[in-house]
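First comes the structure, then the notes that go with it.
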2 protein chains.
Amino acid sequence: MPAQPNQSLIDGLRVLQTLVSHGQSVGSRDMAAILGMEPTRANRLLGTLAAVGLAEQGTDRKYRPGPGVHVLAAQSLQGSHLLSCALPHLEALREENLAPDLVVALGVLWQRQVCYLFHARPRMALSQAIGTHELEPAGNSSIGVILLAQTGVGEEVALAEAELSGISKPPLPSLSESVAHARREGFGRLDFRQGEVSLAVAIGEPVIAGLAVSAKFEAAQIPVALARLQETAALIAREMARKS
Amino acid sequence: MPAQPNQSLIDGLRVLQTLVSHGQSVGSRDMAAILGMEPTRANRLLGTLAAVGLAEQGTDRKYRPGPGVHVLAAQSLQGSHLLSCALPHLEALREENLAPDLVVALGVLWQRQVCYLFHARPRMALSQAIGTHELEPAGNSSIGVILLAQTGVGEEVALAEAELSGISKPPLPSLSESVAHARREGFGRLDFRQGEVSLAVAIGEPVIAGLAVSAKFEAAQIPVALARLQETAALIAREMARKS
DNA sequence: GATTGGAAGTGCTTTTATAGCAATTTGATT
DNA sequence: AATCAAATTGCTATAAAAGCACTTCCAATC
């Protein structure tokens, strides 16, 4: 933490990240409530984002991402390198016969939610798998589990679990159990109701993202899939390191 | 412009956008010089970005994008929708036989530079075309030309032209001529030395991005390519509108 | 190893931008 | 037209930010 952090910038970035992740437009009072912020403050920060093009208002006066977000997307994609390093490997992973109806995903953790850069269902064209999947609570995603396991302190996991309890979803083991398992084993695993198993590994040291495959694996195929995941994660991490 | 814009947020965003677009790490004094900012200020804003994970320092103490940029990339990709709406259409465009050795590109304009979300050279895999192309001065790109034509006031064009004169590149017509032509005709066109022609149209109203194809076109094929570009831009714009 | 120089970072204090309260404006609903 | 709630603004006190001077750090040079 620097000697004099700039609080306006910190709070403004919180507003921006919430706005672009929200999935629907949001009023300034709602934004204030979401962030636990005094309403005038939220309104002023949103207005500032609008002034620079990162937000805009609809006829209902609610705020949504503005034209500057396309620029920010292009810039941060380039600054990040993650998607460009990972994509060829994700493609290769999909082309293997790890399991029928394989899902492949690449995601990052933000406030106990998984934000997917890539999420490809079976037979989905690559061009439809990029930046199209909605946010997921960390506890509903093996990527969330492995990322919480590697980055989350106890409070963060408890918070994620509390958030999960208000959401109607298929029953999963308790999040803290999943996280503990991931800490022991070094990978995330979630078993869904219809026999689907989702496996995730971390990318990078320190961890920057999670890579997952999901399918109805034969039991004997799970270690194979896991090994392949780990290999792919290592390739991506190496390529990322080379770009730095 | 709101009654009370937050100047710290505005300046912090400038620093962030410059950092993630820069392509190499940058010291705090250099950042100050680039942005015409007092050095302590730049240092403090960079330190703040580092505190929230959007920047990090290497052993040389220079700043580069930090792990939070992967999150920001994922979030802004989702908030933007542009790449996800455009990708299937870009893929379709590449699969047509508009010309041999066709380049297809999608870019946005930032400070008289084109930042590419997508830039595919001939025979390049889709997975290698996303977020991989470096920034280009607007005057070297037909996307830049059309975007300046539709958004740039006179000063902006003059600035872009001045910036271009310091860069060694193949000779092109003067930028203001290209921009004037684009304003008249409604599309951007640049003719390069080896007979390559680059054509670009704007996406959206108001314009949000530019779409270009580039090749050694037969003269008779140019209107065909242009019509196809315009169609594709309209499809993308319609899909973007549907998502709002 | 010691010295030098430049960059990053900090402490301090003044400055001013920001925050929050209260009032106004806006737009939808009845 | 009246009502209500959300967005926005004006005003002013204050706390955060800015900038100057100094300190720390690190790489290069001797």
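So you know, we letter chains A, B, ... as the sequences are listed, proteins then strands, and number each from 1. FYI, side chains are in, hydrogens and waters are out, and symmetry mates aren't considered; it's all heavy atoms of this structure.
Each of D/dT9, D/dA18, D/dC11 was ranked by its minimum atom distance to the side chain of B/Pro2; first place goes to D/dT9. For B/Gln7, the side-chain atoms get nearest to C/dA17 when compared with the rest of C/dA7, C/dG9, C/dA17. For A/Thr40, the side-chain atoms get nearest to C/dA22 when compared with the rest of C/dA22, C/dA19, C/dT10.
The separation between A/Asp11 atom CG and D/dA15 atom P is 16 Å, rounded to whole Å. In this structure, B/Arg29 places its CZ atom 12 Å from C1' of C/dG5, rounding to the nearest Å. Regarding A/Ile10, its CD1 atom lies at a distance of 14 Å from the P atom of C/dT18, rounded to whole Å. Between A/Glu38 atom CD and D/dA7 atom C1' the separation is 13 Å, expressed in whole Å. In this structure, CG of B/Leu46 is placed 13 Å from P of D/dA18, rounded to the nearest angstrom. Distance A/Asn43 CG to D/dG10 C1': 14 Å, rounded to the nearest Å. Look at CZ on B/Arg44: it is 8 Å from C1' on C/dG9, rounded to the nearest Å. For the pair B/Ile34 CD1 and C/dA7 P, the interatomic distance rounds to 13 Å; values are reported in whole Å.
For C/dA7, neither phosphate oxygen OP1 nor OP2 lies less than 4.0 angstrom from any side-chain nitrogen or oxygen of B/Ser28. Phosphate proximity of C/dA19 to B/Asn6: present, with a side-chain N or O under 4.0 Å from OP1 or OP2. For the pair B/Gln4 and C/dG20, the criterion of a side-chain N or O lying under 4.0 Å from OP1 or OP2 is not met. For the pair B/Arg61 and C/dA8, the criterion of a side-chain N or O lying under 4.0 Å from OP1 or OP2 is not met. For C/dA19, the OP1/OP2 oxygens have a side-chain nitrogen or oxygen of A/Ser8 closer than 4.0 Å.
Between B/Tyr63 and B/Leu9, the one whose closest nucleotide on DNA chain C sits nearer the 5' end is B/Tyr63. Nearer the 5' end of DNA chain D, as judged by each residue's closest nucleotide, is the contact made by A/Gln57, out of B/Leu45 and A/Gln57. Checking A/Met1 against A/Asp60, the closest nucleotide of DNA chain C that is more toward the 5' end is the one next to A/Met1.
Residue B/Ser21 holds its OG atom at 7.5 Å from CD of B/Gln113, rounded to the nearest 0.5 Å.
Of the options A/Lys62, A/Arg61, A/Arg64, a salt bridge (Lys or Arg N to Asp or Glu O under 4.0 Å) to A/Glu56 is made by A/Arg64 and by none of the others.
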Item to check | Criterion side-chain contact (heavy atoms from CB on, under 4.5 Å) on B/Leu49 and A/Leu13, from CA distance to verdict | outcome: CA-CA 9 Å; B/Leu49 293 178; A/Leu13 288 169; 3.8 Å; yes

Next on the checklist: Does A/Tyr63 form a side-chain contact (heavy atoms from CB on, under 4.5 Å) with A/Met31? I'd like the steps, not just the answer.
Outcome noted: CA-CA 9 Å; A/Tyr63 289 89; A/Met31 180 63 83; over 6 Å; no

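Between A/His22 and A/Ile34, some side-chain heavy-atom pair lies under the 4.5 Å cut-off.
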